[in-house]
Amino acid sequence: MDYALPNFSIDLNGQTALVTGASAGLGVRFAKTLARCGARVALTARRFDRLESVAAEIEAAGGKAVPLQLDVTDADQLTKVVAEAERQLGPVTILVNNAGIPDAQRATKMSMDLIDRVLDTNVRAPYVLSCEFARRLIAAKRSGRIVNIASSSAYSYGGNGAALYSISKAAVVRMTEALAVEWARFNINVNAIAPGAFSSEMIDGMLRRVGDITKLFPRPRIGDPAQLDSTLLFLVSPSSDFVTGTCVRVDDVQSGR
């Protein structure tokens, strides 16, 4: 069901955004929202066929998007994807670090391979990509915006599995704070969004496995991705010029406070 929202929009014409994990779920929503506001969008993920489909939808709606295959666990690809996005679309001034994977296992049950994949995807990838993005902006004397997608799990863990996911998302929050301080002098704002349970492939799969989790929430409901639009657009707009090093929790207090 679509969530009815006021017509919240900003003018991003002339800007290029790079969105990771843009082949499904929240990444698709973020990419379409930025394109709707006029940004040229580089869509990145491993599933190139899905990226092509999302890019076609954006183009059909009057936007501009290019699909770029990216495995965020490959550091070499991370350092090259910004250059390719700029070659096709112009200087990248907005970065949305959305790619992430859950672990869904207890800490003592995790294989070393899964530990590496979670940390490489959820922590190393956004750090390396943010540094490459910032390095180019600093050299060109351009301002920019980074929006890291953390999770409400960064602030709360119930002990039933996915400890490393919680740890990795807490690292994303701290990364956001630290890089914001380092890059403020270069007019690069770094912020994060910590969503709660929103309708997505990951959450829908969890609901099929464990049943209705909403009965545990203060308000028994799952978020609609459209409810993240205003937060994303605020963080990439001039309205948030004095906001950096902040993580906005958009979780309907699902896990309390």
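Note: hydrogens, waters and symmetry copies are ignored here, and every other heavy atom, side chains too, is used. This chain uses plain numbering: 1 for the first residue, then up along the sequence.
Judged by distance alone, the side chain of R124 and the main-chain N or O of T121 form no donor-acceptor pair under 3.5 Å. The closest donor-acceptor contact from the side chain of E177 to the backbone of T246 lies at 3.5 Å or more, if one exists at all. Formation of a donor-acceptor pair under 3.5 Å by the S168 side chain with backbone atoms of N122 is not found in this model. Judged by distance alone, with hydrogens and angles left aside, the side-chain atoms of E59 form no donor-acceptor pair with the main-chain N or O of K64 at under 3.5 Å. Looking only at distances, a side-chain donor or acceptor of R145 sits under 3.5 Å from a matching main-chain atom of L235. Between the S23 side chain and the R47 main chain, no donor and acceptor come within less than 3.5 Å of each other.
K80 has no carboxylate O lying under 4.0 Å from a charged side-chain N of E84, or vice versa, which leaves the two without a salt bridge. Salt bridge K109/D103: absent, no basic N to carboxylate O contact under 4.0 Å.
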Using the side-chain contact (heavy atoms from CB on, under 4.5 Å) rule, take R221 and T214 through it: C-alpha gap first, then chi angles, then the decisive distance, then the call. CA-CA 5 Å; R221 61 183 185 176; T214 65; 5.6 Å; no

CA sep, side-chain torsions, deciding dist, call: D251, R257, salt bridge (Lys or Arg N to Asp or Glu O under 4.0 Å): CA-CA 11 Å; D251 65 355; R257 284 295 186 270; 2.9 Å; yes

Chi angles and distances behind the side chain to side chain donor-acceptor pair (under 3.5 Å) call for T20, N98: CA-CA 5 Å; T20 67; N98 170 70; 5.4 Å; no

Stepwise side-chain contact (heavy atoms from CB on, under 4.5 Å) check, L129 with V81: CA-CA 9 Å; L129 192 53; V81 72; 3.8 Å; yes

Pair T93-Q15, side chain to side chain donor-acceptor pair (under 3.5 Å): steps then yes or no: CA-CA 6 Å; T93 54; Q15 295 204 55; 2.8 Å; yes

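Heavy atoms from other residues, nucleotides or ligands lying under 6.0 Å from CZ of F234 number more than 12. Environment of CZ in R142: sparse, with no more than 12 heavy atoms of neighbouring residues, nucleotides or ligands closer than 6.0 Å.
The one candidate from L233, V19, I193, N97 that meets the side chain to side chain contact (heavy atoms under 4.5 Å, CB included) condition with V147 is I193.
L137 contributes atom CG, which lies 11.0 Å from atom CZ of F186 (distance to the nearest 0.5 angstrom). A distance of 9.5 Å separates CG in L179 from OG1 in T244, rounded to the nearest 0.5 Å. Distance check: E86 CD to L18 CG gives 9.5 Å after rounding to the nearest 0.5 Å. Taking OG from S130 and CG from L95, the interatomic distance works out to 5.0 Å, rounded to the nearest 0.5 Å. Here CG of D120 is found 6.0 Å from OG1 of T73. Values are rounded to the nearest 0.5 Å.
The hydrophobic clustering, which links ILVMFWY residues whose side-chain heavy atoms are closer than 4.5 Å, places V172 and L78 apart. In the hydrophobic clustering of ILVMFWY residues, with side-chain heavy atoms under 4.5 Å counting as a link, V243 and I149 come out together.
Taking the side chain as every heavy atom from C-beta outward, N191 and I146 never approach each other to under 4.5 Å. The side-chain heavy atoms of C131 and W183, taken from C-beta on, include a pair separated by under 4.5 Å.
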